[in-house]
There are 2 protein chains.
Amino acid sequence: MDTNQLSATFAALADPTRRAILARLAEGEATVNELADPLPLTLQAVSKHLKVLEQAGLISRGRTAQWRPCRLEPVPLREATHWLERYRQFWDGSFDRLSAHLQEIQKGNAHG
Amino acid sequence: MDTNQLSATFAALADPTRRAILARLAEGEATVNELADPLPLTLQAVSKHLKVLEQAGLISRGRTAQWRPCRLEPVPLREATHWLERYRQFWDGSFDRLSAHLQEIQKGNAHG
DNA sequence: TGTATATTCAACCATCTAGTTGATAAGCCT
DNA sequence: AGGCTTATCAACTAGATGGTTGAATATACA
């Protein structure tokens with residue numbers, strides 16, 4: 001996958017406010033106000049966080065009257081998980097997978 | 001897990017240079033010079049990246065003569081993966097797990 | 001002792017980030 | 001039309017980030 005996309009995803013996930021927003025969206029769609037309500041931030045700050053999440057592809061937004069409902073988008077989360085899977089050999093104790101993983105790494109799709 | 005630790009991990013992973021370093025370390029220990037060699041950066045810049053990775057707990061460093069060999073540490077990668085697992089329901093098509101995941105989320109260990 | 005190698009520290013700089021306040025835009029409702 | 005709600009845009013600020021160059025530290029080796 002695209003390196004920049006992966007960087008954007010991890011950068012987006014690095015902020016606890018944005019992770020809180022994603023956790024909320026895991027329960028279903030929400031408007032900007034609903035997302036901002038439990039957070040100790042101005043609406044504008046939350047709006048900025050949503051922009052970051054949207055540009056990273058982690059959320060998408062509808063448009064109903066003056067509301068812009070946000071919903072979780074799975075693809076970047078899947079890609080991030082996929083990237084991390086490469087390192088699973090280091091902690092899951094199953095060294096059967098080791099050589100397969102190393103081969104995949106050395107195939108050239110190395111540091112995504 | 002600790003929110004700050006998770007933030008540090010994702011922030012560290014957000015940089016492609018640092019991901020390249022981790023990919024190299026997945027093949028085994030390496031010194032700072034070995035890590036810097038393929039990178040279009042000064043040694044000092046690489047040293048800074050290693051400091052970030054070390055503070056995030058993603059690497060640890062030995063000390064042999066004037067060399068400070070780096071090695072991959074699995075725990076933060078495991079924790080990051082574990083955090084992402086919570087969202088697996090959104091892409092893996094197995095909706096059997098959905099309710100279990102939602103329950104876990106609502107238990108209160110929500111937005112880590 | 002003196003030099004080469006490996007690595008870090010310090011200072012500096014440009015850019016990005018996360019927040020603020022205030023103004024603006026878009027859509028409903030009377 | 002006018003007012004309320006929802007949300008974004010614009011400008012600004014403080015602090016973090018990622019890079020540089022130059023100096024310092026630590027260890028080996030002749």
Side-chain angles (χ1 to χ4, degrees), chain A residues 3-25 28-72 76 111, chain B residues 3-25 28-72 76 111:
Chain A
T3 284
N4 296 328
Q5 172 57 60
L6 201 48
S7 291
T9 301
F10 283 132
L13 295 179
D15 187 284
T17 295
R18 287 193 289 263
R19 290 200 303 278
I21 289 171
L22 294 180
R24 167 63 186 79
L25 292 177
E29 287 196 1
T31 67
V32 182
N33 267 296
E34 286 169 345
L35 292 168
D37 191 50
L39 298 170
L41 293 177
T42 62
L43 196 66
Q44 292 95 321
V46 174
S47 185
K48 278 193 183 182
H49 280 299
L50 293 173
K51 203 173 179 181
V52 172
L53 289 168
E54 188 176 27
Q55 284 175 346
L58 284 160
I59 67 170
S60 61
R61 331 179 66 169
R63 186 168 290 229
T64 305
Q66 67 267 99
W67 293 275
R68 238 132 294 181
C70 304
R71 67 176 158 285
L72 197 54
H111 29 80
Chain B
T3 283
N4 296 328
Q5 172 57 59
L6 201 48
S7 291
T9 301
F10 283 132
L13 296 179
D15 187 284
T17 296
R18 287 193 290 262
R19 289 200 305 277
I21 289 171
L22 294 179
R24 168 63 187 80
L25 292 178
E29 286 195 3
T31 66
V32 182
N33 266 296
E34 286 169 346
L35 292 168
D37 191 51
L39 297 171
L41 292 177
T42 61
L43 197 66
Q44 291 94 321
V46 174
S47 185
K48 278 192 182 181
H49 281 299
L50 292 174
K51 203 173 179 181
V52 172
L53 289 168
E54 189 176 26
Q55 284 175 348
L58 284 160
I59 66 169
S60 62
R61 333 180 65 170
R63 187 168 289 228
T64 305
Q66 68 267 94
W67 294 274
R68 238 132 295 180
C70 304
R71 66 177 158 287
L72 198 55
H111 27 81

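Just so it is clear: chains get the letters A, B, ... in the order the sequence lines come, proteins before strands, and each one is counted from 1. The basis for the numbers below is simple: all heavy atoms, side chains too, and nothing from hydrogens, waters or symmetry mates. Owing to the predicted nature of the structure, the values given are computational and were not obtained by experimental measurement.
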Identify whether any heavy atom of B/Leu43 sits under 4.0 Å from a base atom; if not, whether one sits that close to sugar-phosphate; answer base, sugar-phosphate or nothing. base

For B/Leu35 and C/dT8, give me the distance from atom CG to atom P, rounded to whole Å. 10 Å

Where do A/Leu39 and A/Leu35 come nearest, in terms of heavy atoms and distance? CD1-O, 3.3 Å

Starting at the 5' end of DNA chain C and moving along, which residue's nearest nucleotide shows up first, A/Arg18 or B/Leu50? B/Leu50

Flag side-chain contact, heavy atom, 4.5 Å: A/Leu22 against A/Ile59: yes

Verify the contact: side-chain N or O of A/Lys51 to OP1 or OP2 of D/dA7, cut-off strictly under 4.0 Å; return yes or no. no

Once you round it to whole Å, what is the distance between C1' of D/dT17 and CG of B/Leu53? 14 Å

Value in whole Å for how far the C1' atom of C/dT7 lies from CG of B/Leu41: 16 Å

For the backbone of B/Leu6 and the side chain of A/Arg19, can you confirm whether one donor and one acceptor N or O come within less than 3.5 Å of each other? no

Separation of atom CD1 in A/Ile21 from atom C1' in C/dG19, rounded to whole Å: 14 Å

Are any protein N/O atoms closer than 3.5 Å to N/O atoms in nucleotides 25-30 of chain C? If there are, list each pair with its distance.
residue, atom, partner, partner atom, Å
C/dG27, N3, A/Gln66, NE2, 3.3

Using atom types as modelled and distance alone, determine if a side-chain donor or acceptor of A/Arg18 lies under 3.5 Å from a backbone N or O of A/Ala12. yes

Short side-chain N/O contact from B/Ser47 to OP1 or OP2 of C/dT8, under 4.0 Å: yes

Could you give the CG-to-P distance, from B/Leu13 to D/dT17, as a whole number of Å? 14 Å

Are there any protein N/O atoms within less than 3.5 Å of an N/O atom in nucleotides 11-13 of chain D, and if so, which ones and at what distance?
none

How close or far is atom P of D/dG18 from atom CG of B/Leu39, stated in whole angstroms? 14 Å

Whether B/Ser47 side chain and B/Leu43 backbone form a donor-acceptor pair below 3.5 Å: no

How about A/Leu13 and A/Leu58: do any of their side-chain heavy atoms sit closer than 4.5 Å? yes

Check B/Gln5 against B/Pro76 and note the closest heavy-atom contact, atom names and distance. NE2-CB, 4.0 Å

Student check: side-chain heavy atoms of B/Arg68 and B/Leu50 closer than 4.5 Å: no

OP1 or OP2 of C/dT7 versus the side-chain N and O atoms of B/Asn33: is any pair under 4.0 Å? yes

So for B/Gln44 and D/dG18, does any side-chain atom that can act as donor or acceptor lie under 3.5 Å from a complementary atom in the base? no

Supply the atom-to-atom distance B/Lys48 NZ to B/Thr17 OG1, rounded to the nearest 0.5 angstrom. 13.0 Å

If I take atom CG in residue B/Asp37 and atom C1' in nucleotide C/dT7, what distance separates them, rounded to the nearest angstrom? 15 Å

